[in-house]
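Below: one structure, written as structure tokens.
None of the values given here were measured: they were computed from a predicted structure. First the proteins, then the strands, lettered A, B, ... as listed; each starts at 1. Computed from heavy atoms alone, side chains included, the values below leave out hydrogens, waters and symmetry copies.
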Amino acid sequence: MIERPDGTPLPRHFFDRPVLEVAPDLLGRTLVRRTAEGTIELRLTEVEAYAGDIDPGSHAFRGRTARNDVMFGPPGHAYVYFTYGMWHCLNLVCGPVGRASGVLLRAGEILSGAEQVRKRRLSARNDKELAKGPARLATGLGVDRALNGTDVCSGHDAPLSILTGTPPPSDLVRNGPRTGVGGDGAPHPWRYWIDGDPTVSPYRAHTPRRRTT
DNA sequence: CACGTGATCCACT
DNA sequence: GTGGATCACGTGC
């Protein structure tokens with residue numbers, strides 16, 4: 001048998017570690033999305049860690065609700081949420097169970113299946129923008145709440161899975177403040193990216209929305 | 001390039 | 001009723 005060039009599926013124990021270990025370790029890994037139209041492979045270039053019940057920036061900080069329920073479950077599952085009235089974002093739940101931590105997948109490079117992704121990302125001016133930002137990534141891969149709770153460690157035919165890929169040399173891994181996170185969660189430098197990669201999204205500070213009254 | 005703002009739903013308070 | 005782990009587009013330098 002010929003091993004796939006992108007490697008083998010990451011086992012569940014990969015995700016059953018503290019989120020600050022898992023997040024940087026996801027860089028360079030290959031996210032696989034299988035749809036009726038075919039397979040998309042994406043090399044992760046930017047992620048953010050959310051440390052659950054101890055992290056004011058996390059959806060799980062104020063306790064378990066219907067929306068964040070998946071974060072309180074076992075690691076290696078997808079947490080997909082809907083925000084700003086039109087976008088979805090994709091996270092991977094990390095351990096330990098009950099901590100409700102997760103990694104937001106913020107950006108990546110499309111390795112295969114770009115034709116399928118371009119159809120969903122008509123506003124992208126070039127292929128570097130196809131998954132440059134968390135909502136763009138989810139949109140391009142056709143990820144919505146139907147995939148919330150999906151096991152990403154369940155094998156070759158799953159709608160979502162992660163392969164070992166090729167992690168970058170450690171000196172290219174950078175970290176800094178999380179994008180769009182304000183309040184007490186803002187200071188944490190828990191955004192990780194591959195230095196110099198053109199698919200990494202630009203940093204934006206948190207901007208409180210003006211009232212519409 | 002930096003900045004400001006409208007779009008458009010839904011979970012939570 | 002409020003505001004968000006965002007994006008796209010317009011304006012102005």
Side-chain angles (χ1 to χ4, degrees), chain A residues 15 19-20 22-24 26-27 31 42 44-73 77-94 99-108 110 117-149 152 160 174-193 198-213:
Chain A
F15 297 98
V19 67
L20 295 186
V22 177
L26 279 168
L27 294 174
L31 174 66
L42 175 147
L44 289 167
T45 59
E46 180 191 355
V47 301
E48 273 176 6
Y50 286 86
D53 57 330
I54 60 169
D55 176 6
S58 170
H59 288 171
F61 184 62
R62 296 185 179 179
R64 191 171 190 161
T65 66
R67 178 171 72 154
N68 65 27
D69 187 64
V70 171
M71 292 186 83
F72 288 81
H77 290 249
Y79 166 53
V80 181
Y81 67 88
F82 179 77
T83 192
Y84 289 105
M86 45 191 132
W87 310 112
H88 295 274
C89 292
L90 170 62
N91 299 253
L92 300 178
V93 177
C94 295
R99 170 61 73 213
S101 62
V103 179
L104 172 66
L105 307 185
R106 288 196 54 90
I110 303 297
V117 178
R118 291 188 197 106
K119 288 189 214 167
R120 300 195 185 92
R121 291 276 301 116
L122 295 179
S123 64
R125 288 180 296 179
N126 57 64
D127 283 1
K128 305 298 184 191
E129 294 183 354
L130 287 175
K132 190 180 200 158
R136 291 167 168 180
L137 185 156
T139 300
L141 269 54
V143 170
D144 62 22
R145 279 175 297 174
L147 289 174
N148 189 38
V152 303
L160 280 173
R174 299 296 152 86
N175 69 290
R178 294 179 292 188
T179 300
V181 175
D184 295 334
H188 297 303
W190 293 344
R191 173 183 181 238
Y192 301 88
W193 68 91
T199 65
V200 173
S201 71
Y203 173 76
R204 292 191 307 278
H206 177 67
T207 56
R209 299 302 309 158
R210 204 171 45 115
R211 274 184 298 180
T212 58
T213 61

Margin query: Is any side-chain heavy atom of A/Trp87 closer than 4.5 Å to one of A/Thr139?
Written below: yes
Item checked: Qualifying residue for side chain to side chain contact (heavy atoms under 4.5 Å, CB included) with A/Leu141, from A/Ile110, A/Leu105, A/Leu147 -> A/Ile110
Item checked: Short N-O contact, A/Arg178 and A/Glu48, less than 4.0 angstrom -> no
Note to self: If I take atom CG in residue A/Asn68 and atom P in nucleotide B/dC10, what distance separates them, rounded to the nearest angstrom?
What the structure shows: 18 Å
Note to self: For A/Val181 and A/Arg136, find the nucleotide of DNA chain C closest to each by heavy atoms; which residue's nucleotide sits nearer the 5' end?
What the structure shows: A/Val181
Item checked: Protein-nucleotide distance (A/Tyr203, atom OH; B/dC1, atom P), rounded to Å -> 19 Å
Next item on the list: Look at the side chain of A/Tyr84 against the base of B/dA7 and say whether a donor-acceptor pair falls under 3.5 Å; ignore hydrogens and angles.
Entry: no
Next item on the list: Establish, with yes or no, whether the OP1 or OP2 oxygen of B/dA11 is under 4.0 angstrom from a side-chain nitrogen or oxygen of A/Arg145.
Entry: yes
Next item on the list: Check each residue of residues 122-135 of chain A for a non-hydrogen atom within less than 4.0 Å of any atom in DNA chain C, then write out the ones that pass by number, or none.
Entry: A/Ser123, A/Gly133, A/Pro134, A/Ala135
Item checked: Between P of C/dA5 and CG of A/Leu105, the distance in whole Å -> 16 Å
Next item on the list: Report yes if some heavy atom in the side chain of A/Leu130 is under 4.5 Å from a heavy atom in the side chain of A/Arg136; otherwise report no.
Entry: no
Next item on the list: Return the value, rounded to whole Å, for the distance between atom CZ of A/Arg62 and atom P of C/dG3.
Entry: 12 Å
Note to self: I need the CZ-C1' distance between A/Arg204 and B/dG4, as an integer number of Å.
What the structure shows: 13 Å
Item checked: Residues which pass side chain to side chain contact (heavy atoms under 4.5 Å, CB included) with A/Phe82, listed by chain and number, not counting sequence neighbours -> A/His88, A/Arg145
Next item on the list: Give DNA chain B the dot-bracket treatment, 5' to 3': Watson-Crick (N1-N3 with N6-O4 or O6-N4) or G-U (N1-O2, O6-N3) under 3.5 Å, [ ] crossing, | other strand.
Entry: |||||||.||||.
Next item on the list: Using the test side chain to side chain contact (heavy atoms under 4.5 Å, CB included), find all partners of A/Pro177 that sit at least two apart in sequence or belong to another chain.
Entry: A/Tyr203
Next item on the list: Let me know the distance between CZ of A/Arg67 and P of B/dT13, rounded to the nearest Å.
Entry: 10 Å
Margin query: Going by the rule salt bridge (charged side-chain N to carboxylate O under 4.0 Å, His left out), which residues pair with A/Arg120 if we only count those two or more places apart in sequence or in a different chain?
Written below: none
Note to self: Does A/His206 contact C/dA5 through a side-chain donor or acceptor facing the base, at a distance under 3.5 Å?
What the structure shows: no
Donor-acceptor pairs under 3.5 angstrom involving side-chain atoms of residues 180-191 of chain A: please list them, not counting sequence neighbours.
residue: A/Arg191; atom: NE; partner: A/Glu46; partner atom: OE2; Å: 2.8
residue: A/Arg191; atom: NE; partner: A/Thr179; partner atom: OG1; Å: 3.4
residue: A/Arg191; atom: NH2; partner: A/Glu46; partner atom: OE2; Å: 2.9
residue: A/Arg191; atom: NH2; partner: A/Ser201; partner atom: O; Å: 2.7

Margin query: For a quick check of understanding: with a heavy-atom distance under 4.0 Å over all strands, which category does A/Arg191 fall into, base, sugar-phosphate or nothing?
Written below: nothing
Notebook entry, point to check: Once you round it to whole Å, what is the distance between P of C/dG4 and OH of A/Tyr50?
Noted result: 13 Å
Notebook entry, point to check: Can A/Tyr81 be called stacked on C/dA5 when the rule is centres closer than 5.5 Å and an angle between planes below 30°?
Noted result: no
Check: Tell me, do A/Tyr79 and A/Leu92 make a side-chain contact under 4.5 Å, heavy atoms counted?
Finding: no
Next item on the list: Using whole Å, report how far CZ of A/Arg120 lies from C1' of C/dC7.
Entry: 18 Å
